[in-house]
2 protein chains.
Amino acid sequence: MLLREGETPAEVATLVSGWAFRFKLLPDGRRQILSFLLPGDLIVFHSLHEEKLNFSVRTLTPVQVCAFDAAEFRSFLFDRPSMRRDMQVYCAAELTAATETITDLGRRLAPERLARFILVLEARLSRRRLAEQGVLPFPLRQEHLADTLGLTPVHVSRMLTQFRADGIVSVARNQLVIRNRNQLMNLAGMAMRS
Amino acid sequence: MLLREGETPAEVATLVSGWAFRFKLLPDGRRQILSFLLPGDLIVFHSLHEEKLNFSVRTLTPVQVCAFDAAEFRSFLFDRPSMRRDMQVYCAAELTAATETITDLGRRLAPERLARFILVLEARLSRRRLAEQGVLPFPLRQEHLADTLGLTPVHVSRMLTQFRADGIVSVARNQLVIRNRNQLMNLAGMAMRS
DNA sequence: CGTTGTTTTGAGATATGTCAACAGGGGTGG
DNA sequence: CCACCCCTGTTGACATATCTCAAAACAACG
């Protein structure tokens with residue numbers, strides 16, 4: 001466990017290696033995973049300018065982080081125009097991602113959500129050269145998928161076995177392979193317009 | 001209709017009076033409302049630093065807007081430290097709101113979602129002195145509620161009549177009154193500690 | 001090899017969706 | 001001022017996606 005909702009961390013950190021995820025816990029134990037953090041991501045970016053963290057963060061694999069003093073980091077950002085620009089872009093990107101997630105959870109069915117999740121994860125990993133040719137590292141348990149997609153672990157299991165049966169993906173321990181990208185994109189409602 | 005997804009608006013605007021909402025439309029017609037814009041809100045804040053808008057915006061009531069040249073506005077922001085700070089705070093707030101919405105859609109049942117929606121709407125309106133004592137202007141049709149909460153209009157209707165029957169709220173044309181705040185907060189899972 | 005944590009499978013339950021008919025309200029035109 | 005109409009909301013019967021519970025099969029791991 002890296003950070004707990006409600007804290008005011010004195011440090012800001014960057015994920016150097018490994019995976020983590022941001023999530024919220026409801027009083028009755030339900031959990032919603034907000035996003036996964038990959039190498040290169042700023043860990044508390046989302047609450048950089050809030051009093052208190054409004055989510056928790058937890059590691060998924062062993063990680064290496066690189067920490068900065070929070071106040072120092074903020075003023076550093078504040079003073080450097082190029083950094084400032086970067087942060088704004090980063091912020092816009094996060095808002096865009098959140099927007100997509102909201103649409104997924106509010107208006108898409110389970111198989112659609114799963115398909116999109118896989119595709120956007122692959123895209124993020126590819127950009128970092130962590131995935132090639134539809135082969136991605138995949139440290140998530142089905143419970144993580146469930147808590148990300150707003151589903152139940154058993155329903156995730158059923159959909160994954162369905163996906164496998166249809167030859168769309170294969171997922172072994174810690175590795176996911178996209179076997180039929182067309183079909184996956186169809187399911188995701190991402191038609192290829194040439 | 002104010003703005004369409006995919007556009008690159010040359011102007012940035014502030015909502016002076018009236019209500020609008022941001023939403024995404026899926027190819028098959030499903031719609032997800034992302035947020036409502038109230039007087040004082042920046043209309044394209046969420047895509048201020050993106051190439052293209054990744055959502056559409058539409059008015060809910062007649063509105064007055066105050067427009068600025070986008071490029072000018074950006075450099076204005078960029079140069080003024082106090083403005084910059086404001087934007088960062090605004091951005092953090094939006095991210096926090098998005099986080100809540102994701103949790104609502106992913107992990108809460110319909111009545112919970114509805115209760116919370118009403119309460120956070122009231123809070124936003126109160127801060128602007130647009131609501132007093134649990135009486136709020138309410139220009140939404142049930143279809144808007146449905147598209148916000150990831151539900152169906154008929155299910156929203158059922159829940160609202162239930163809420164009314166339980167004496168929790170009453171909603172007439174364009175006005176919603178919170179009649180039993182305790183019960184509403186319970187439903188919302190916002191227990192009052194102390 | 002046991003043990004513990006994860007995934008799979010099945011049967012049955014439930015929240016929410018669909019379809020369709022009806023009711024009310026408020027505008028519009030005659 | 002009335003009659004009509006369209007839009008929105010309501011209600012009922014039924015359909016379905018997803019959940020729950022529980023057991024069994026697997027996998028990882030000491």
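So that the names make sense, note that chain A is the first sequence line, chain B the second, and so on, each numbered from 1.
Ring geometry for B:His144 against B:Phe36 counts as perpendicular: the plane angle is over 60°, on a 0 to 90° scale with 30° as the lower cut. The aromatic rings of A:Phe76 and A:Phe73 lie parallel to each other, their planes meeting at an angle below 30°, with 60° marking the opposite boundary.
Under the side chain to side chain donor-acceptor pair (under 3.5 Å) criterion, B:Gln142 pairs with no residue at all, not counting sequence neighbours. Taking the side chain to side chain contact (heavy atoms under 4.5 Å, CB included) definition, one finds that A:Phe78 meets it with B:Pro81, B:Arg84, B:Arg85, B:Gln88, sequence neighbours left out. A:Glu112 pairs by the salt bridge (charged side-chain N to carboxylate O under 4.0 Å, His left out) definition with B:Arg30, not counting sequence neighbours.
By the 4.0 Å N-to-carboxylate-O rule, A:Asp104 lies too far from A:Arg113 to be salt-bridged with it.
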**OP:** Would you give a per-nucleotide map of nucleotides 25-30 of chain D, 5' to 3', where B means the base has a protein non-hydrogen atom under 4.0 Å away, S means only the sugar-phosphate does, and - means neither?
**Re:** ---S--

**OP:** Could you run through nucleotides 2-11 of chain C and give me one letter per nucleotide, 5' to 3': B if any protein heavy atom sits under 4.0 Å from the base, S if only the sugar-phosphate is that close, - if neither?
**Re:** ----SSBBBB

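Of the residues in residues 18-35 of chain B, not one comes within less than 4.0 Å of DNA chain D through any heavy atom.
Side-chain atoms of B:Glu94 never come within 3.5 Å of backbone atoms of B:Cys91 as a donor-acceptor pair (strictly under, hydrogens ignored).
Cluster annotation: A:Ile102 is not connected to A:Leu149 through the hydrophobic network of ILVMFWY side chains, with a link wherever side-chain heavy atoms come within less than 4.5 Å.
With a 6.0 Å radius and a threshold of 12 heavy atoms from other residues, nucleotides or ligands, A:Arg58 has its CZ atom at or below the threshold.
Between B:Tyr90 and B:Phe45, the distance separating the two ring centers is shorter than 6.0 angstrom.
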